[in-house]
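Encoded as structure tokens, the structure appears first; notes follow it.
Each chain gets a letter, A, B and so on, in the order the sequences are listed, and its residues count up from 1.
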Amino acid sequence: MDSGHNGDFAIETRGLNLWYGDFQALFDVDLGVKRGMITSMIGPSGCGKTTLLRTCNRIIERLGYVRTTGSVFVLGHDIFGDDVELVQVRKQIGMVFQRPNPLPISIRDNVLFGFKLHEARLRKVSAAEEDEVLESSLRQVLLWDTVKDRLDKPATGLSLEEQQKLCIARLLPVKPQVLLMDEPCSALDPAGTEAVEELIWRLRGEYTILIVTHNMAQARRASEECVFMLLGRIIEHGRTEELFLSPEHSETADYIEGRYG
Amino acid sequence: MFTATPLNRRSYRNQSLAKAVFFLMTVVLVIPVLLIVGTLVVKGAPAISWEFLFTAPTDNMTAGGIFPALVGTIWLVVVALLASVPVGVAAALYLSEYAPDNLLTRTINLAIINLAGVPSIVHALFGFGAFVLFFRMGQSILAASLTLAIMTLPVVIVATRESLQAVPQAFREACWNMGATRWQTIRKVVLPNSISGILTGVILEVSRTAGETAPIMFTGAAMFVPFLPESVFDQTMAMSYHLYNVATQLTDVPEELTFGVALVLIAIVLMMNAVSIGFRVYLRGMKKW
């Protein structure tokens with residue numbers, strides 16, 4: 001374990017700065033995301049919330065011109081450490097995208113994709129075990145009853161709501177501890193949004209969930225802690241109801257009242 | 001209130017005129033194709049028979065069939081494919097999936113575009129110098145096919161890269177974020193979803209390879225070989241070069257024989273293209289997004 005690390009945090013950033021080329025997108029971000037909780041990040045477009053989210057599993061680095069200083073600890077380990085294997089990082093930290101992105105293969109293969117990649121190459125996995133993993137993952141996301149009769153049909157035939165649930169389900173078989181969600185409901189209709197929010201709410205406790213949202217009402221409904229960001233800095237971080245009812249900073253108050261953003 | 005004003009009528013006239021001009025240009029485009037195919041069929045069809053297709057030329061190539069040339073073309077195309085497809089697909093995979101966007105990559109891309117623009121006679125001279133002389137392959141199917149392969153490499157690379165890039169980025173993201181390596185992503189998601197485009201490119205390459213004359217003239221095609229090639233080190237006859245010979249180099253060749261050769265050649269190319277289109281339609285139907 002790294003010295004001075006607080007065990008209550010699933011994700012902890014210290015003095016994190018990030019540049020896209022010459023443009024600084026994150027300024028000295030110190031964030032602690034508590035284990036087993038849902039933490040939402042709100043803020044106007046371009047405030048750095050998606051950047052911060054994408055730094056937590058280092059997928060941001062895929063853009064070659066990104067530079068960071070400071071550190072990010074996930075589950076107590078510095079993910080920028082020298083001996084860090086990105087494949088292991090991404091296995092522990094699942095990510096859900098704005099637009100559901102099921103692979104153009106069957107529902108079954110989608111759910112088992114990561115499992116086959118990580119588990120089935122280490123040991124022999126029986127068909128029965130695969131079926132078990134498949135069923136339990138789909139049950140956890142409340143999708144089993146809808147799709148159990150068409151597991152071998154292409155996943156792209158599902159509705160957007162079902163696709164997004166499937167995208168969450170396929171993360172579960174490799175037992176990640178952290179789920180990052182980048183506006184997971186913004187492509188869905190109100191009914192789908194409600195269903196996916198309900199699902200996210202159910203997953204708390206078992207997983208640490210960090211969710212970026214544009215929708216303040218959603219942050220309020222579906223998160224326990226809330227982080228307000230503005231221009232690359234964290235302005236305020238607290239329990240969701242407190243942040244919305246009695247914000248400490250005037251910027252936060254102005255934003256949640258809709259005066260800008 | 002809603003009647004046409006003079007301005008409306010003038011706009012409408014201009015619009016009709018534009019449409020007529022564009023339609024005319026389209027017709028102009030189609031006419032040569034129809035004329036070529038029509039002439040070939042009318043003049044060449046009487047020459048076509050099983051005997052024409054499956055016997056060797058006789059009487060100083062003024063009679064008989066085209067079998068050695070047909071077989072030779074197949075040899076040339078197959079060997080050229082074996083050389084160019086692995087190289088081209090691998091290069092395209094590197095450029096599309098791995099290469100960072102830097103000066104080297106951009107230089108390579110530029111080189112590919114330039115390679116596509118090199119005239120085929122220059123390829124022929126390069127092939128002659130490099131394969132026939134320097135690598136001591138002599139005039140052979142191998143030398144000719146490698147020359148064709150180099151000439152068609154850009155087609156394979158560009159077609160492959162385009163079909164790779166047509167695979168939505170979201171699929172790659174999804175894979176990477178489940179901890180798949182680039183290679184696992186390519187194998188499980190990118191290639192299965194781009195294979196139709198790659199095959200199309202390959203088949204287009206075949207049709208182009210089959211029709212080229214200049215690159216094989218100095219490197220492996222012979223005017224007349226009485227036997228069929230037995231290995232890649234033999235010289236061979238080829239359809240395109242045979243057509244060049246019967247049309248321009250030999251005297252007393254009956255017109256219908258010349259047109260017959262041309263008809264068979266163009267039929268091969270058109271059939272290849274048709275197969276390519278068929279493939280694409282079929283595989284696109286199987287695509288699931």
Closest non-hydrogen atom pair between B:W176 and A:R90, with its separation: O-CD, 3.5 Å

Region of A:R99 in contact with chain B, defined by heavy-atom distances below 4.5 Å: neither

Interatomic distance, A:I59 atom CD1 to B:E173 atom CD [nearest 0.5 angstrom]: 5.0 Å

Can you tell me how far CD1 of A:I93 sits from CG of B:N177, rounded to the nearest 0.5 angstrom? 10.0 Å

CG/A:D152: more than 12 non-hydrogen atoms of other groups inside 6.0 Å: yes

Donor-acceptor contact present, side-chain A:N101 to main-chain B:F171, <3.5 Å: no

Please classify the contact between A:P176 and chain B as side chain, backbone, both or neither, with a heavy-atom cut-off of under 4.5 Å. neither

For B:Y12, does the OH atom have more than 12 heavy-atom neighbours from other residues, nucleotides or ligands under 6.0 Å away? no

Can you establish whether the number of heavy atoms outside A:K116 located under 6.0 Å from its atom NZ is more than 12? yes

Between A:V87 and B:G179, the two heavy atoms sitting closest are CG1-O, 3.3 Å

Specify the closest pair of heavy atoms between A:H118 and B:M178, including all atoms of both residues, with the distance to one decimal. NE2-O, 2.7 Å

Just wondering, do B:K188 and A:I105 contact through their side chains at under 4.5 Å, heavy atoms? no

Region of A:R54 that comes under 4.5 Å of a non-hydrogen atom in chain B: side chain

For chain A, which of B:P192, B:A174, B:P100, B:A180 has the most heavy-atom pairs under 4.5 Å? B:A174

